[in-house]
Amino acid sequence: MKLNNIKKTAICISLLAVVGCTDNFDDINTNPNGFSQDQLQQDFNHIKEGFKTMFYNIQVIGSGREPDYQLQQNLNADIWSGYMATPTGFRGGVNNTTYDLVDGWNDAIWTNAYPNVMFNAWDIANKAKGKYDQFYALSLILKVEGMHRVTDIFGPIIYSQFGKEAPIGYDSQEEVYTQMFADLDFAVDELTERVDASEPTAFDETDLSGYKGDYKQWVKFANTLRLRLAMRIVKIKPALAKTQAEKAVAQKFGVMTTNDDAFRIVSPTFVNPIATISGSWLDIRMSADMESILKGYSDPRLGIYFDTSAQFPGQYKGVRTGINIGGKGDHQDFSGIGKAVVQTNVIYLMTTAEAYFLRAEGALRGWNMDGDAETLYKAGIQASFDQRGAAGAAAYMVDNVKLPVAYTDPNFPENNAAPVNNVTIAWDAAATNELKLQKIITQKWIAGFPEGQEAWSDYRRTGYPKLFPVVVNNSGGKISTALGVRRINFVQSEIANNKGGVDTGLAKLGGLDNGGTRLWWDTTAPNF
């Protein structure tokens with residue numbers, strides 16, 4: 001899509017009067033190189049043109065777009081997940097990291113997703129549904145991957161009503177999840193039929209996932225995405241969670257089992273934006289939680305995930321989140337994010353290790369996951385080591401002695417903390433289900449780095465791994481120091497331009513519009 005069209009679309013989406021806006025988009029489907037619509041349709045280019053934008057905006061990537069990613073995810077989920085911390089005292093230290101949620105930052109999450117992911121999914125549906133359903137099916141999978149992240153941040157969002165005239169009503173999070181499962185049903189059935197018919201792909205040159213347009217691989221991804229969403233709702237809808245999870249594993253192509261199955265964005269030129277944010281800007285560092293857990297376990301992935309500290313040569317030093325920051329120089333020379341992880345054009349959004357850990361948790365809950373919890377747990381660890389090129393998985397996964405260690409801030413002792421995630425690595429068949437779950441989620445957390453969005457969701461759902469609380473809480477009592485941020489409040493652009501829609505979201509939220517209100521799936525119920 002041409003840049004001027006993207007900008008025009010973004011303006012209209014921000015006003016959320018999509019139907020009225022699209023009446024003026026005569027040039028959206030006009031090829032900038034002068035080809036006719038008939039010529040475009042010969043290669044489905046009139047449909048394919050929106051996919052690239054979707055790929056590049058599930059998690060923002062692209063030259064010069066590092067500030068967009070920083071606001072979309074890095075200064076919220078990447079930090080609240082316990083993965084990273086910032087040495088920079090943005091806004092005098094009163095910001096997301098100290099629980100004073102910044103509307104001007106967090107608005108970017110919504111205003112990136114709707115014009116770039118949701119609009120293109122809607123546009124592809126209008127062009128392809130019922131005529132070229134292979135493309136419609138693929139767009140649905142990308143839509144679910146992109147928009148489940150949005151509902152897991154805000155709760156109620158615009159989903160089924162997208163494309164209607166303002167005010168556009170919000171769906172409750174339960175309604176969104178119901179529709180996402182239905183979207184995955186259609187996509188899996190449609191693409192499976194095409195695989196069974198030995199139909200050649202029409203998506204190979206458009207596919208930026210590394211799957212090279214292979215419909216079977218896309219079905220595996222969709223199944224694993226279903227498994228992820230099923231586990232998300234386990235405490236609020238346990239019967240539905242079990243049904244959806246078992247359905248994902250039992251589907252004829254199943255879920256991810258090899259590292260080639262992982263869902264990633266493969267860019268010809270762009271690298272992970274964290275490379276710039278950490279390496280050039282020095283705005284993000286290793287977290288104290290990562291230091292405590294990886295050091296304690298003598299985890300071989302430590303030197304892959306992080307660089308050693310410039311201030312303390314040969315050492316790995318993390319920064320504690322939510323501390324008083326006197327100046328950036330106090331911590332900017334602590335450990336940055338490892339070059340092997342972020343200085344690459346391959347960005348992982350779902351790993352095969354995650355699939356194994358999801359199945360391990362399902363098996364722990366008594367679901368049919370085609371394997372027992374211990375075997376799947378170990379397979380998840382092995383898959384992560386293999387993905388990152390780390391040695392020593394066999395010895396690591398049977399270690400029943402090592403524990404996370406205390407965190408020490410060598411510059412400011414007031415930030416020191418005793419270890420909190422006190423669990424060993426080795427599987428213990430005699431342990432309680434709660435302790436086994438803590439082991440599963442802790443290893444899933446380690447394996448998922450640096451994708452903080454999923455890790456933050458797991459932390460809210462299970463409470464694991466246990467993370468250091470913030471030292472400074474500027475929420476004014478809205479957000480619990482012990483529990484952390486549970487969601488982000490509805491964005492100002494929506495309140496200004498779609499207040500009637502926001503009101504429907506507020507009615508379905510189930511609490512106050514602030515960062516302390518739990519989402520639909522984030523209940524106070526026990527894990528078992």
Can a donor-acceptor pair be found, under 3.5 Å and without considering hydrogens, that links the side chain of [X] to the backbone of [Y]?
X: Trp445; Y: Ser81; answer: yes
X: Asn345; Y: Ser267; answer: yes
X: Asp330; Y: Gly327; answer: yes
X: Thr442; Y: Pro465; answer: no
X: Asn57; Y: Val117; answer: no
X: Asn106; Y: Val102; answer: yes
X: Arg460; Y: Asp152; answer: yes
X: Asp409; Y: Val319; answer: no

Using side chain to side chain contact (heavy atoms under 4.5 Å, CB included) as the criterion, list what pairs up with [X], not counting sequence neighbours.
X: Thr224; answer: Val255, Met256, Met350, Ala355
X: Glu190; answer: Asp133, Ala137, Phe186, Arg194
X: Phe51; answer: Ile47, Phe55, Ile124, Phe135, Leu138, Ser139, Leu142, Phe203, Thr206
X: Thr258; answer: Asp260, Asp261

Do [X] and [Y] get their side chains close enough for a donor-acceptor pair, meaning under 3.5 Å?
X: Thr151; Y: Gln173; value: yes
X: Asn272; Y: Tyr348; value: no
X: Ser278; Y: Arg285; value: yes

Looking at [atom1] of [X] and [atom2] of [Y], how far apart are the two atoms once the value is rounded to the nearest 0.5 Å?
X: Thr88; Y: Asp283; atom1: OG1; atom2: CG; answer: 3.5 Å
X: Ile274; Y: Asp78; atom1: CD1; atom2: CG; answer: 5.0 Å
X: Ile381; Y: Leu376; atom1: CD1; atom2: CG; answer: 11.5 Å
X: Leu75; Y: Trp80; atom1: CG; atom2: CH2; answer: 9.0 Å
X: Met180; Y: Leu184; atom1: CE; atom2: CG; answer: 8.0 Å
X: Arg359; Y: Leu227; atom1: CZ; atom2: CG; answer: 8.5 Å

Ion pair Lys252/Asp196, N-O distance below 4.0 Å =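 Asp196 and Lys252: salt-bridged.
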
Residues Lys444, Asp458: salt bridge by 4.0 Å N-O rule =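 Yes, charged N to carboxylate O under 4.0 Å.
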
Residues in side-chain hydrogen bond (donor to acceptor under 3.5 Å, both in side chains) with [X], at least two apart?
X: Thr192; result: Gln251
X: Gln311; result: Asn411
X: Thr97; result: Asn95
X: Thr344; result: none

Would you please name every residue forming a ring pair (Phe, Tyr, Trp, His ring centres under 6.0 Å) with Tyr396, sequence neighbours left out?
->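 Listed in chain order: Phe385.
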
With Tyr159, which residues qualify under ring pair (Phe, Tyr, Trp, His ring centres under 6.0 Å), at least two apart?
->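 Listed in chain order: nothing, the list is empty.
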
Between [X] and [Y], which heavy-atom pair has the shortest distance, and what is it?
X: Val188; Y: Ala222; result: CG2-CB, 3.7 Å
X: Ile446; Y: Leu294; result: CG2-CD2, 3.8 Å
X: Ala187; Y: Ile141; result: CB-CG1, 3.6 Å

Ring centroid separation [X] to [Y] under 6.0 Å:
X: Phe119; Y: Trp122; value: yes
X: Tyr83; Y: Trp456; value: no
X: Tyr305; Y: Phe449; value: yes

Verify salt bridge (charged side-chain N to carboxylate O under 4.0 Å, His left out) between Asp299 and Lys402, making sure each step is shown before the conclusion.
-> CA-CA 10 Å; Asp299 196 303; Lys402 294 185 180 72; over 6 Å; no

Hey, could you give me each pair passing side-chain hydrogen bond (donor to acceptor under 3.5 Å, both in side chains) that has a residue in residues 377-394? Not counting sequence neighbours.
->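 Listed by first then second residue: Arg301-Ser384, Glu374-Lys378, Gln382-Asp386.
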
Look at atom NZ of Lys216 and say whether more than 12 heavy atoms of other residues, nucleotides or ligands are closer to it than 6.0 Å.
->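 12 or below, so no.
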
Give a yes or no on whether Glu205 atom CD has more than 12 heavy-atom contacts from other residues, nucleotides or ligands under 6.0 Å away.
->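 Counting neighbours around CD of Glu205, 12 or fewer heavy atoms of other residues, nucleotides or ligands fall under 6.0 Å, so no.
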
Among Glu451, Glu454, Glu361, salt bridge (charged side-chain N to carboxylate O under 4.0 Å, His left out) partner for Arg228 =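 Testing each of Glu451, Glu454, Glu361 against Arg228, the sole residue satisfying salt bridge (charged side-chain N to carboxylate O under 4.0 Å, His left out) is Glu454.
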
Relative to the ring of Phe44, is the ring of Tyr132 parallel (under 30°), tilted (30 to 60°) or perpendicular (over 60°)?
->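 The rings of Tyr132 and Phe44 stand perpendicular, inter-plane angle above 60°.
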
Examine Arg461 relative to Tyr464 and say whether NZ or CZ is less than 6.0 Å from the centre of the six-membered ring and inside a 45° cone about the ring axis.
->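 Because its charged atom misses either the 6.0 Å distance or the 45° angle limit, Arg461 does not stack over Tyr464.
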
Stepwise side-chain hydrogen bond (donor to acceptor under 3.5 Å, both in side chains) check, Trp218 with Asp207 = CA-CA 10 Å; Trp218 275 91; Asp207 193 351; 2.9 Å; yes

Any side-chain heavy atom of Ile265 within less than 4.5 Å of one from Tyr56?
->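 A side-chain contact exists here, since the closest heavy-atom pair is under 4.5 Å.
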
Do the non-hydrogen side-chain atoms of Leu208 and Val266 ever get within less than 4.5 Å of each other?
->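 The answer is no, as the side chains (C-beta and beyond) never meet within the 4.5 Å cut-off.
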
Pairs of donor and acceptor atoms involving the side chains of residues 333-341, under 3.5 Å and at least two apart or interchain, shall be tabulated with distances.
residue	atom	partner	partner atom	Å
Ser335	OG	Asp307	O	2.8
Ser335	OG	Lys317	N	3.0
Lys339	NZ	Asp307	OD2	3.1

